[in-house]
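Here it is: the structure, laid out below.
Read the numbers this way: they start at 1 and go in the same order the structure lists the ligands and their atoms.
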Amino acid sequence: MAKQKQKFQVWGNRLNTPPDELNIGFCAGRDVVSLPMADEVLLEYDVWTNMAHARMLKHVGVLTDQELLEIRTGLSALLAEHRAGTFQLDPVKEDVHINVEHYITFVRQIAAGKKIHTGRSRNDQVSTDMRLFLRAEVIDLAESLIHLIRTILKRAEAETGSIMPGFTHYQPAMMTTAGHWLTGWSQGLLRDVTSLVQNLKTMNRSPLGAAASFGTSWPINREYAAELLGFDAVEENSLDCISSRGENETRVASSIAILMNHLSIVSQDIILLSTPYYGFIEVDDKYVTGSSIMPQKRNPDFAEIIRSKASMTQGSLISLLGIQKGAMSGYNRDTQQTKYLIMDLLRESRDVPSILGGVITSLRFNRSTMRQQCESGFINSTDIADWLAQKHGLSFRDCYEVVSLAVKYSEAQGKVTVAALEKAVAEQGLKVSFSGNDRDFIDSPEKSLLNKQHTGAPSASSVKRMIHSQNESLDQMERDINGVREKIRIAQERAFGD
Ligand code: ARG
């Protein structure tokens, strides 16, 4: 049998550059990978919560120095085993919390292990673990989003003069530039980073010490434990600490749902504008996918996956809201399932910004095609009406009527002609004599754009101002996130150090 020479690629030889590995995995998704257990994901955070709790118990005199040392040794051994892949959660022990306590007390035979659960409950443990987990995930997501926005702004900078049609109702509306389009994307995403950073601030308070819901008679020091976990403060009322489980998850899910809607619109723009019928942009070979039957295909699967992930996110958000809706104050097992929803949601959205970043970095703008589409299709009609009103002292409504007539009279030419305008003006009983300046304006997309100088407009100078201010907002977001990161680093050093 002849040996296969080429590297196997499911859709053949159509492309010039090899596909991006991350994108292949992104598009294949759960078809070919399995998910980790929820409490396996929490294990590292549970060890941290245990460390903080044990140190606090020693701080208030419930544990001796020696007992703390033994517990810490046990927790470190567990962490090492987990990282080496040799520790498996035992389903019989229900969840990560009981598994950890069992490991210390029975596997490691540490007598003080029997004291580790003093003054706490699995209820406040899991709420604490989840805040630590969420905090880390939100930081990572916000940072990759910032990176994506910077990528978009870089592309916008190079495309401030790239004229293209803009659409309303999917129909040609007014012209804009690719730079304006791109800074439109990034402005929405910037709000998403802002809301994620706000979520971080809201969630960064410690529920540890709330115990089952109603506190404890042990002389715990919640503030001390909170510091070891990098929280800004204690979430005070012990009942609310437990009843509110799922609330931060929901806030984050809501921020991500809006973010994913933005990214879904970006995806839809890319899908549509890259079809041969528009041909405005071209997705690089690295990010297109082929077909197992049609050899010519260049499909934007990544963008379709993003659109559907936006939909999945909305489903999770609604489920999260529902779980918290009607249960009585205190712990209810319903909330266990908030873990699965938020973990799935975060897992599904994690790679989206970096995939889109790669796509946008390598996206080609077909400037001549985009400009050509601005030379016909009546896309400068509103600009002409504005121009006539401004230059010939008429009202906007009169000019609107004139131009709408002129569009009708020049339909065969595909663009507003001066002859059609003259006819329309005469018919409306207005007096306008058209000059060379008028003719130049009507034929120049650049001139139309140049007139749009206000804040947020598509002219190059307005877009440059937006790029500048968006970059400044990103700098501030980065400073905020770095502040939280630093706090976490110091807390981890104190919790895990000697
Ligand atoms: N695995 C549980 C959860 O995630 C821990 C809390 C169990 N508490 C209880 N009272 N049954 O919610």
Margin query: Is it the case that the ring center of Phe214 lies less than 6.0 angstrom away from the ring center of Tyr331?
Written below: no
Checklist line | Arg135 versus Asn199, side-chain donor and acceptor atoms under 3.5 Å | finding: no
Next item on the list: Supply the atom-to-atom distance Lys339 NZ to Phe133 CZ, rounded to the nearest 0.5 angstrom.
Entry: 11.0 Å
Margin query: Side chain or backbone, does Arg245 bring an N or O within less than 3.5 Å of an N or O on ligand 1?
Written below: yes
Checklist line | Polar atom proximity, Asp39 to ligand 1 (N or O, under 3.5 Å) | finding: no
Notebook entry, point to check: In the protein, which heavy atom is nearest to atom 8 (N) of ligand 1, and how far is it?
Noted result: Asn123 OD1, 2.9 Å
Next item on the list: Mark up the atoms of ligand 1 that fall under 4.0 Å of a heavy atom belonging to Asp95, in ascending order.
Entry: 1 (N), 2 (C), 5 (C)
Notebook entry, point to check: Which residue and non-hydrogen atom of the protein lie closest to atom 2 (C) of ligand 1, and at what distance in Å?
Noted result: Gln336 OE1, 3.3 Å
Next item on the list: Identify, by atom number and element, the atoms of ligand 1 in contact range of Tyr331, meaning under 4.0 Å from any of its heavy atoms.
Entry: 2 (C), 3 (C), 6 (C), 7 (C), 8 (N), 9 (C), 10 (N), 11 (N), 12 (O)
Checklist line | Shortest non-hydrogen contact from Pro36 toward Val41 | finding: CG-CG2, 4.0 Å
Checklist line | Region of Lys339 that comes within reach of ligand 1 [heavy atoms, distance under 4.0 Å] | finding: side chain
Margin query: Could you report the tightest heavy-atom contact between Ser244 and Gln324, atom names first, then the distance?
Written below: O-OE1, 4.5 Å
Check: Hey, what do you get for CG (Leu57) to NE2 (His53), rounding to the nearest 0.5 Å?
Finding: 4.0 Å
Note to self: Angle between ring planes, His59 versus Tyr224, binned at 30° and 60°: parallel, tilted or perpendicular?
What the structure shows: parallel
Check: Judged by non-hydrogen atoms, does Val126 sit under 4.0 Å from ligand 1?
Finding: yes
Margin query: Quick check on contacts: which atoms of ligand 1 are under 4.0 angstrom from a heavy atom of Arg333?
Written below: 11 (N)
